[in-house]
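Everything below concerns the one structure shown next.
Here is how names work: the chains are called A, B, and so on, in the same order as the sequence lines, proteins then strands, and each is numbered from 1.
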Protein chains: 2
Amino acid sequence: MNFPSSLPARAVIREVGLRDGLQSIRTLVPTAHKIEWVRAAHAAGQREIEVGSFVPPRLLPQLADTAEVLAFAKTLPGLRASVLVPNLKGAERAIAQGADLMILPLSASHAHSLANLRKTPDEVVAELARIRAARDAAGSSCLIEGGVGTAFGCTIQGEVKPAEVLRLMQALLDAGADRVSLADTVGWADPAAVARLCEQALRLAGERFCCGHFHDTRGLALANVHAALQQGVARFDASLAGIGGCPHAPGASGNATTEDLAFMLESMGIDTGLDLEALLALRRQVAGWIEGEPTHGSLWRAGLPSTFARRAAR
Amino acid sequence: MNFPSSLPARAVIREVGLRDGLQSIRTLVPTAHKIEWVRAAHAAGQREIEVGSFVPPRLLPQLADTAEVLAFAKTLPGLRASVLVPNLKGAERAIAQGADLMILPLSASHAHSLANLRKTPDEVVAELARIRAARDAAGSSCLIEGGVGTAFGCTIQGEVKPAEVLRLMQALLDAGADRVSLADTVGWADPAAVARLCEQALRLAGERFCCGHFHDTRGLALANVHAALQQGVARFDASLAGIGGCPHAPGASGNATTEDLAFMLESMGIDTGLDLEALLALRRQVAGWIEGEPTHGSLWRAGLPSTFARRAAR
């Protein structure tokens, strides 16, 4: 395993709290609050936000207003608004509504794929090819990201072989994905496994391997980000207040926490473009909207070190 | 900054919950429970335990029974029982009671040193020389560790210069310390700073730089451990259920969590000698004894991955 001698100078935190976070909790956050969240996140410097998911509202009523949130996000300068799409039907909505990026999740675990998506992984690859054809036919510039989930193991199936993860990543690219990403859906990854798989994914996909998505189920999300950073990965999904989870990991805590991750990166001298005080203020606001739901993270409680501003400005 | 091409094959987690943890909470844990904790931790594979502190009982009534806990710990085969000593007087007790190792804390922050220890850092170095003379005069084999705290910054003073940390580390060695360690007392360290300082400490002290002590105040403890591991550090302080804190970091969460850290290391293929199921059982027991006190960590909630035993046995 190789460690490059320098870390990335910049990294992007893609906010997924509005999708991965809100879909995992019972509280229905009103559209006006979601719009305020997107507005304030953009004001705090976030430039990539997953605003929701184009799934049938009866499955995820929490995200039924995705089109409205997306429409607002599109009014903000420099913001790349993405949505999750489970299939061609969702992708057609993403294209019609002008999303900048759509993410098609694929589960490298056959068992998880059948349980969650009712398709085999290779059927999802075929769906991506149809999405690519539809996108091109529409003359849309919406990017297509194939997100390979359960990439480090699966609660249902157990072990997931790296070779299968990489095979599916290649298949997604061959089917027309513009980009691919890796997700530790159930929180089984460790820094050594992350370093190994990211190194291989970068060798396979180069810059088209664009993002790491690490759940904090067992407390390793930031250590895993650190391992991925050292391989050259410079975009990470994270969720404000760490909200989120996985239906197949009961009691599990959520995503990497946006504000803690931003603190780590900025402390390391890696530019995120984020205003951490503004993020912490937004975190307080969001935590208020979802009072009673589990939230995570540590920075909000401890606050920023007194020397932090100076260090971030360095 | 260099990253060695391989991680350590083995790492030691030194349990500090009985000292750093219990001194930070209000609950007085009875001696019988502490003894049960030491017994079960040893049974789970822990071979280095900080059992308490020889400070005046009026200052830390929680640790007034350190001599009794130490006496029990000494009955367990292969266990290295350590104590914290704030000064010569405490060291004399540690020597008389037959501790295997005593840790003299020094604060690299001048302001923190005056506030916490009522001595300058260099006065602590002089105290270590007196402790060394007393140890040698007694013909004791008790190891002396100089623990350099606030090594990554300080809530009172702000910035702490790495050059000052290294100067004090050298001074401790020159004064007769057998070993030295680094502590991020207030949770300001980040993986880049940890990598830099550990690399320099190893260059200065070689194998006599023996341990990293990372607080999880801002969620970075395990990422910081990962960075230190990559430099070759292979011993870490941690606290079961993450209990602990710092009087100068209000609201701060505690130490690196023993069970989460053990999970990370074992997942990475680094042998800790620990039985994680037994540690989780002990965690439940300890959490019951200190009910109402803040505890931390994630593994206890999510449980071990189903493939874990197989991976650990690999």
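Side-chain contact between Asp190(B) and Phe263(A): absent, with no pair of heavy atoms (C-beta onward) separated by less than 4.5 Å. Contact check for Leu220(B) versus Leu222(A): side-chain heavy atoms found under the 4.5 Å cut-off. Side-chain contact check for Phe152(A) versus Pro305(B): every heavy-atom pair is 4.5 Å or farther apart.
For Thr150(A), the side chain to side chain donor-acceptor pair (under 3.5 Å) criterion is met by Ser107(A), not counting sequence neighbours. For the side chain to side chain donor-acceptor pair (under 3.5 Å) test, no residue two or more places apart in sequence or in another chain qualifies with Thr257(A).
Taking each heavy atom of Arg218(B) and Ser298(A) in turn, the nearest pair found is C-CB, 3.6 Å. A pairwise comparison of heavy atoms in Gly158(B) and Ser306(A) identifies CA-OG, 4.2 Å as the closest pair. The heavy-atom pair separating Gly219(A) from Asp260(B) by the smallest distance is CA-OD2, 4.4 Å.
Proximity to chain A is absent for every atom of Ile270(B), based on heavy atoms less than 4.5 angstrom apart. Heavy atoms closer than 4.5 Å to chain B are found nowhere in Leu265(A), neither backbone nor side chain.
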